[in-house]
Amino acid sequence: MERMSVYTIVIIDDEEWIREGILSKVKKSGFPFTKIGEAANAEQGLKIITEMVPDIVVCDIRMEDMDGLELIRIVHQRFPHIKTIVISGYTEFQYATKALKLKVTDYLLKPIDKYALYQAFTKCMEAIEQEKQVRDKIEQLELVGSSTEVKNKIEKILQNEGSNPQAIFSNYNERASFQSIALYMDPQIHLEEKYIVDHLLNQSLFLQLNHNLVCYSRKPNEFMILICMPTPQQVNEYEQYITNFIERIQEDLLHKGIYQYTFGISGFHQSIHTCIFAAIFCMKHRVLLDDNQVIRYADTLEFRNVYKLPTQIKSFLKHHIETQNMKSITSILNDIHTEIGALKISLRCIQNLYNHLLLIATEDFDLELEDDINHYARDVYGFSSSREMLDVIMELYMKIINITRGRSGYSMNQSILKVKEYIDDHYAEDIKLEDLAVLQHYNPSYLSLMFKEVLNINFQDYLLQVRMNHAKKLLLSQQYKVKDIAPMIGFKNPHYFSAVFKKTEGFTPKDFVRDNEHG
C-alpha cells in the first residue's frame with residue numbers, strides 16, 4: 001500500500017513566545033511532520049536549513065541580524081524546492097509585495113491564526129506533491145500471530161503477583177529477568193493493537209510471541225511491550241537489540257506521519273510488576289521532558305523537587321477570571337511555566353498543580369461546565385509538555401470568562417459591533433488591536449478571531465476599508481489635496497497613503513479624481 005507522504009519543517013522567529021506558539025500548533029496540527037527545526041535568528045536558521053534541507057520554512061520578516069526576506073531569497077537560491085511561509089507583525093504592503101516577488105507560498109500576519117497556518121501548510125504540501133509526483137511505498141504487514149490469548153494470560157498475571165511467569169514466557173526460568181516498554185500514542189492518533197503486534201512480530205525473529213515477547217494494550221492509545229531475558233549474561237545483547245528495535249518502530253511511525261508518541265523504558269527487573277510500573281513511570285514523565293520520545297529511568301532523576309501552587313496565586317487567578325482579565329491570567333501562567341521548568345519539579349507535583357488549576361474552574365465558579373470538564377485529561381501525561389498543559393488551562397479559563405459574559409450569540413455580536421463602531425468613529429486616529437482588546441477586556445488574539453468570525457473580515461482589512469472609503473469621499477469633494485487628506489484618515493505619510501490607495505483601489509488618488517470628473 002502507499003506510504004503516507006511526510007515532511008520536515010523549520011520555524012524561524014526571534015520572539016521566543018511566538019516561536020513556541022507556532023511549534024505547539026505544528027505538533028497539534030496532525031500534519032505528518034517527521035522533523036521540526038527551530039531558530040531564534042536568521043543566521044542560525046540558515047545553518048539549520050542547510051543541515052536539514054527541510055520541505056517547508058516558516059520565517060518572520062523582521063529580525064535583527066538579517067532581514068527575513070533576504071534569508072528567503074538565499075534559501076530559494078540554494079534550495080529551490082523548499083516552500084516558504086512568511087509571518088509578520090507589520091502590515092506595510094511593501095513587505096507583502098516583496099514576499100510575493102520571492103514566490104513565497106503564503107504571507108501570514110501576527111497573531112498567527114492556527115487555521116490560516118494550517119491552510120498555508122496545505123498549500124505547501126500540495127505544491128510539494130505536485131512537484132515530486134511520487135509517493136513512497138511500504139509493504140502491507142501481515143498478521144503472524146494473535147495476541148488475544150497472551151493478553152488474557154498477562155492480565156491474570158498482573159492481578160496476582162504470585163502467578164507463574166511460565167504461563168506467558170516459554171523460555172522463562174528462575175534466573176530470568178524482565179524489561180518493559182510502555183508506548184503512549186496521543187489520543188488523536190488511532191492505531192489498533194493489531195498494528196503494534198504485526199509490526200513487532202514482522203520485524204525480527206529475535207522477539208517471538210509467547211517465547212520472550214508480550215505486547216498488549218492497557219487502554220486505548222497505550223501499549224505495553226514486555227520482554228523476558230533468560231540469563232543475566234545476555235543483558236548487553238538484549239539492551240542493544242531493544243535500542244535498535246525501538247529505532248525501527250520509530251522509523252515506521254515517522255513514515256506514517258506520526259510524531260506525538262512516547263516510549264518509557266524500564267531497566268531489567270526480576271519482578272514483572274516492578275518492571276511494568278517502572279516503564280509507565282518513565283513514560284509519564286513526557287510532560288516534564290518536552291518532546292522526548294524515548295525516556296529511561298536515568299532521564300527522570302533530576303525531576304524530584306517539590307512545588308506547591310501558592311495560595312495567593314490561586315486568589316489572583318480567581319480574581320482575574322472574575323474580572324475577565326485574560327492578560328493577567330496569561331502572565332501568571334507564563335510565570336508558572338518558567339518556574340516549574342527551572343525547579344525541575346516531580347511528576348506528582350505537576351499532577352497536583354494541574355489538578356489545582358482545574359479545581360479553580362470547577363469549584364470556584366458555579367457554571368455548567370461539568371460535561372466540558374470531563375473531556376479534559378485527568379492524567380497529566382496526556383500532555384506532551386507542560387506548555388501544552390498550561391495552554392489547555394488557559395483555554396478553559398477563557399471559556400469560563402466567555403460564559404460569564406454571555407459572549408455567545410447576541411452578546412458576542414454586540415461586543416464586536418462596539419469595536420466596529422469605534423473604528424468607524426476614530427479611523428483617523430492611531431488605532432491598534434491591542435488597545436481595543438484592553439478596552440473590551442479581551443485577549444488580543446481572541447478579539448482578532450472573533451472580529452473575523454462575526455464580520456467576515458480581518459480587523460486590519462476593515463480598518464483599511466473604512467479609511468479608503470473616507471479618502472474617496474474627500475477626494476471627490478475636491479476641497480482637499482492628497483497631502484491634506486492623508487492625516488485626516490490616519491496616514492502620517494502622504495506618499496505611503498498614495499501607495500496604499502493604489503494598492504487597494506487599483507489607481508492613484510489623482511487618477512481616481514480624474515476618472516470621476518469624466519464620469
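Please read all numbers here as calculations on a predicted model, not as lab measurements. Position 1 is the first residue of the sequence, and the numbers go up from there.
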Pairing residues for Ala428 by the side chain to side chain contact (heavy atoms under 4.5 Å, CB included) criterion, not counting sequence neighbours: none
Could you tell me the separation between the [atom1] atom of [X] and the [atom2] atom of [Y], rounded to the nearest 0.5 Å?
{"X": "Asn334", "Y": "Glu20", "atom1": "CG", "atom2": "CD", "result": "9.0 Å"}
{"X": "Leu475", "Y": "Glu505", "atom1": "CG", "atom2": "CD", "result": "10.0 Å"}
{"X": "Phe451", "Y": "Leu463", "atom1": "CZ", "atom2": "CG", "result": "8.5 Å"}
{"X": "Leu309", "Y": "Ile336", "atom1": "CG", "atom2": "CD1", "result": "5.0 Å"}
{"X": "Lys284", "Y": "Thr300", "atom1": "NZ", "atom2": "OG1", "result": "13.5 Å"}
{"X": "Thr84", "Y": "Leu71", "atom1": "OG1", "atom2": "CG", "result": "9.5 Å"}

Closest heavy-atom contact between [X] and [Y]?
{"X": "Glu38", "Y": "Ile48", "result": "O-CD1, 3.0 Å"}
{"X": "Pro54", "Y": "Ile49", "result": "CD-O, 3.6 Å"}
{"X": "Arg78", "Y": "Thr50", "result": "NH1-OG1, 4.1 Å"}
{"X": "Leu254", "Y": "Thr34", "result": "O-CG2, 3.3 Å"}
{"X": "Ala120", "Y": "Leu108", "result": "CB-CD1, 4.3 Å"}
{"X": "Leu46", "Y": "Ile74", "result": "CD1-CG2, 4.1 Å"}

Carefully, step by step, assess Lys418 and Glu421 under the rule salt bridge (charged side-chain N to carboxylate O under 4.0 Å, His left out). CA-CA 5 Å; Lys418 287 180 181 178; Glu421 289 173 3; over 6 Å; no
Between the side chain of [X] and the main-chain N/O of [Y], is any donor-acceptor distance below 3.5 Å?
{"X": "Ser331", "Y": "Ser328", "answer": "no"}
{"X": "Asp14", "Y": "Asn41", "answer": "no"}
{"X": "Thr8", "Y": "Asp55", "answer": "yes"}
{"X": "Gln44", "Y": "Ala40", "answer": "yes"}
{"X": "Asn458", "Y": "Gln460", "answer": "no"}
{"X": "Asp13", "Y": "Asp60", "answer": "no"}
{"X": "Tyr381", "Y": "Leu347", "answer": "no"}
{"X": "Ser477", "Y": "Leu474", "answer": "yes"}
{"X": "Tyr118", "Y": "Lys25", "answer": "yes"}
{"X": "Arg286", "Y": "Asn292", "answer": "no"}

Are [X] and [Y] within salt-bridge range, i.e. N to O under 4.0 Å?
{"X": "Glu16", "Y": "Arg19", "value": "no"}
{"X": "Lys27", "Y": "Glu388", "value": "no"}
{"X": "Arg514", "Y": "Asp511", "value": "yes"}

Counting C-beta onward and ignoring hydrogens, is there a side-chain heavy-atom pair between [X] and [Y] closer than 4.5 Å?
{"X": "Ser448", "Y": "Asp113", "result": "no"}
{"X": "Phe497", "Y": "Lys492", "result": "no"}
{"X": "Leu353", "Y": "Met389", "result": "yes"}
{"X": "Tyr261", "Y": "Gln293", "result": "yes"}
{"X": "Tyr427", "Y": "Met468", "result": "no"}
{"X": "Val53", "Y": "His81", "result": "yes"}
{"X": "Phe501", "Y": "Thr508", "result": "no"}
{"X": "Gln479", "Y": "Asp484", "result": "no"}

Exactly one candidate in Ile72, Ile56, Ile112, Val57 meets side-chain contact (heavy atoms from CB on, under 4.5 Å) with Ile85; the answer is Ile56
More than 12 foreign heavy atoms under 6.0 Å from [atom1] of [X]: is that the case here?
{"X": "Arg348", "atom1": "CZ", "value": "no"}
{"X": "Phe316", "atom1": "CZ", "value": "no"}
{"X": "Asn456", "atom1": "CG", "value": "no"}
{"X": "Lys472", "atom1": "NZ", "value": "yes"}
{"X": "Glu43", "atom1": "CD", "value": "no"}
{"X": "His495", "atom1": "NE2", "value": "no"}
{"X": "Tyr115", "atom1": "OH", "value": "no"}

Let's go through Leu183 and Thr262 carefully: what are the C-alpha distance in whole Å and the side-chain angles of both, what is the deciding distance for side chain to side chain contact (heavy atoms under 4.5 Å, CB included) to 0.1 Å, and is it a yes or a no? CA-CA 6 Å; Leu183 171 59; Thr262 304; over 6 Å; no
Given Asn305 and Cys349, is the side chain to side chain contact (heavy atoms under 4.5 Å, CB included) satisfied, shown in steps? CA-CA 8 Å; Asn305 295 322; Cys349 283; over 6 Å; no
Go through it in stages, so that I can follow the logic: the residues are Asp461 and Gln465, the test is side chain to side chain donor-acceptor pair (under 3.5 Å), and I'd like the CA-CA distance, side-chain angles, deciding distance and then a yes or no. CA-CA 6 Å; Asp461 291 343; Gln465 183 184 92; over 6 Å; no
Say whether Asp424 and Tyr462, considering side chains only, have a donor N or O and an acceptor N or O under 3.5 Å apart. yes
Start with the C-alpha distance between Val26 and Val58, add both sets of side-chain angles, then the distance that settles side chain to side chain contact (heavy atoms under 4.5 Å, CB included), and finish with yes or no. CA-CA 11 Å; Val26 168; Val58 180; over 6 Å; no
Determine, step by step, whether Gln260 and Tyr184 satisfy the side chain to side chain donor-acceptor pair (under 3.5 Å) criterion, reporting the C-alpha distance in whole Å, the side-chain angles of both residues, the deciding distance to 0.1 Å, and the verdict. CA-CA 9 Å; Gln260 292 194 359; Tyr184 177 85; over 6 Å; no
Check the pair Tyr354 / Asp379 against side chain to side chain donor-acceptor pair (under 3.5 Å), numbers first and verdict last. CA-CA 9 Å; Tyr354 177 64; Asp379 291 311; over 6 Å; no
Between Tyr7 and Phe121, is the ring centroid distance below 6.0 Å? no
Can you check side chain to side chain contact (heavy atoms under 4.5 Å, CB included) on Tyr422 and Glu429, steps first, answer last? CA-CA 10 Å; Tyr422 186 91; Glu429 301 174 11; 3.8 Å; yes
